[in-house]
Amino acid sequence: MRINIRHIITLTILSGILLSGCNTLQKIQSGELTTTFDRTFIQYEKHLRWGHFRELTTFMTTDHIGPTIEKIPAITLRDIRISKVKPTAWLLNYDTGVMVGDVIVDYYIVSSGIIRSTTQHQTWRYIGEEWKLDNGLPDFK
């Protein structure tokens, strides 16, 4: 059996194409996940800035909905105005469908005029074709 140099070159080229094709497919899928996440986070950010705290629970995993609603009395939430929501960086683990990052929330307390900022480490999970926040509300003190 004679090994032809053309066969070796052809196999090498085909292997490279197949490997790069698989990588491209993963990037496309990853891009779709990040695009979906971006849309979800924009909606979450809008509800947070507008003070729609109950609507924010629709973005949360079921473990956090009840405790979040009970955690902060409604009177406290009415006294908080969000001025800025800024994510610092996101890190996606494509294999587990988990996005983690820190979000800085600038807010003020209306009754006292105090301006504050809080940082929340958020974990988002891709569950059933949706991104769900695996945290409660930011800690407004």
Side-chain angles (χ1 to χ4, degrees), residues 1 3-141:
M1 182 171 169
I3 298 177
N4 188 341
I5 192 76
R6 287 183 185 163
H7 288 109
I8 293 173
I9 293 172
T10 303
L11 285 173
T12 305
I13 291 171
L14 285 174
S15 296
I17 290 171
L18 287 174
L19 289 174
S20 67
C22 292
N23 191 24
T24 303
L25 181 59
Q26 185 176 9
K27 286 180 183 176
I28 290 170
Q29 290 173 336
S30 178
E32 289 173 5
L33 277 181
T34 56
T35 300
T36 305
F37 175 77
D38 289 342
R39 281 190 225 126
T40 301
F41 188 80
I42 287 169
Q43 290 302 313
Y44 167 84
E45 177 184 11
K46 286 180 182 179
H47 283 298
L48 187 59
R49 289 204 58 218
W50 293 334
H52 299 161
F53 296 108
R54 290 209 183 266
E55 286 82 351
L56 287 173
T57 60
T58 63
F59 295 94
M60 296 177 187
T61 58
T62 53
D63 295 343
H64 292 282
I65 294 172
T68 297
I69 291 173
E70 294 170 5
K71 181 180 176 183
I72 301 176
I75 193 162
T76 305
L77 293 177
R78 280 188 241 130
D79 201 30
I80 293 174
R81 298 293 181 269
I82 310 295
S83 57
K84 187 176 182 182
V85 178
K86 182 182 177 191
T88 56
W90 294 112
L91 180 61
L92 170 63
N93 183 330
Y94 180 75
D95 295 331
T96 60
V98 175
M99 182 83 76
V100 295
D102 292 331
V103 177
I104 300 169
V105 180
D106 295 335
Y107 65 99
Y108 63 96
I109 301 170
V110 177
S111 61
S112 63
I114 296 174
I115 299 172
R116 292 197 175 151
S117 182
T118 186
T119 301
Q120 182 185 35
H121 184 75
Q122 291 187 345
T123 302
W124 290 79
R125 300 185 186 285
Y126 194 66
I127 303 170
E129 306 296 319
E130 290 183 312
W131 283 100
K132 292 292 186 177
L133 179 61
D134 203 12
N135 299 86
L137 290 173
D139 193 17
F140 301 115
K141 293 180 182 180

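Distance check, rounded to the nearest 0.5 Å: OG1 of Thr118 to CG of Leu137 gives 11.0 Å. Residue Asp38 holds its CG atom at 11.0 Å from CD of Glu45, rounded to the nearest 0.5 Å. Arg125 contributes atom CZ, which lies 9.0 Å from atom CG of Asn135 (distance to the nearest 0.5 angstrom).
A donor-acceptor pair is defined here as one N or O able to donate and one able to accept, closer than 3.5 Å; such a pair exists between the side chain of Gln120 and the backbone of Gly136. Judged by distance alone, with hydrogens and angles left aside, the side-chain atoms of His64 form a donor-acceptor pair with the main-chain N or O of Asp134 at under 3.5 Å. The main-chain N or O of Val85 is never found under 3.5 Å from a side-chain atom of Arg49 such that the two would form a donor-acceptor pair.
Sequence neighbours left out, the pairs with a member in residues 99-115 that pass side chain to side chain donor-acceptor pair (under 3.5 Å) are Asp79-Ser111, Asp102-His121, Asp106-Ser117.
Checked options Phe59, Tyr94, Trp131, Tyr126; the residue passing with Phe37 is Trp131 (criterion: ring-ring contact (aromatic ring centres under 6.0 Å, His included)).
Counting heavy atoms from C-beta outward, Val98 and Thr123 have side chains that approach closer than 4.5 Å. Side chains of Thr119 and Val103 form no contact here, defined as non-hydrogen atoms less than 4.5 Å apart.
A side-chain donor from one of Tyr44 and Gln122 sits under 3.5 Å from a side-chain acceptor of the other.
Within a 6.0 Å radius of CD1 in Ile127, other residues, nucleotides and ligands contribute more than 12 heavy atoms.
The shortest heavy-atom contact between Lys132 and Met60 is CD-O, 3.8 Å.
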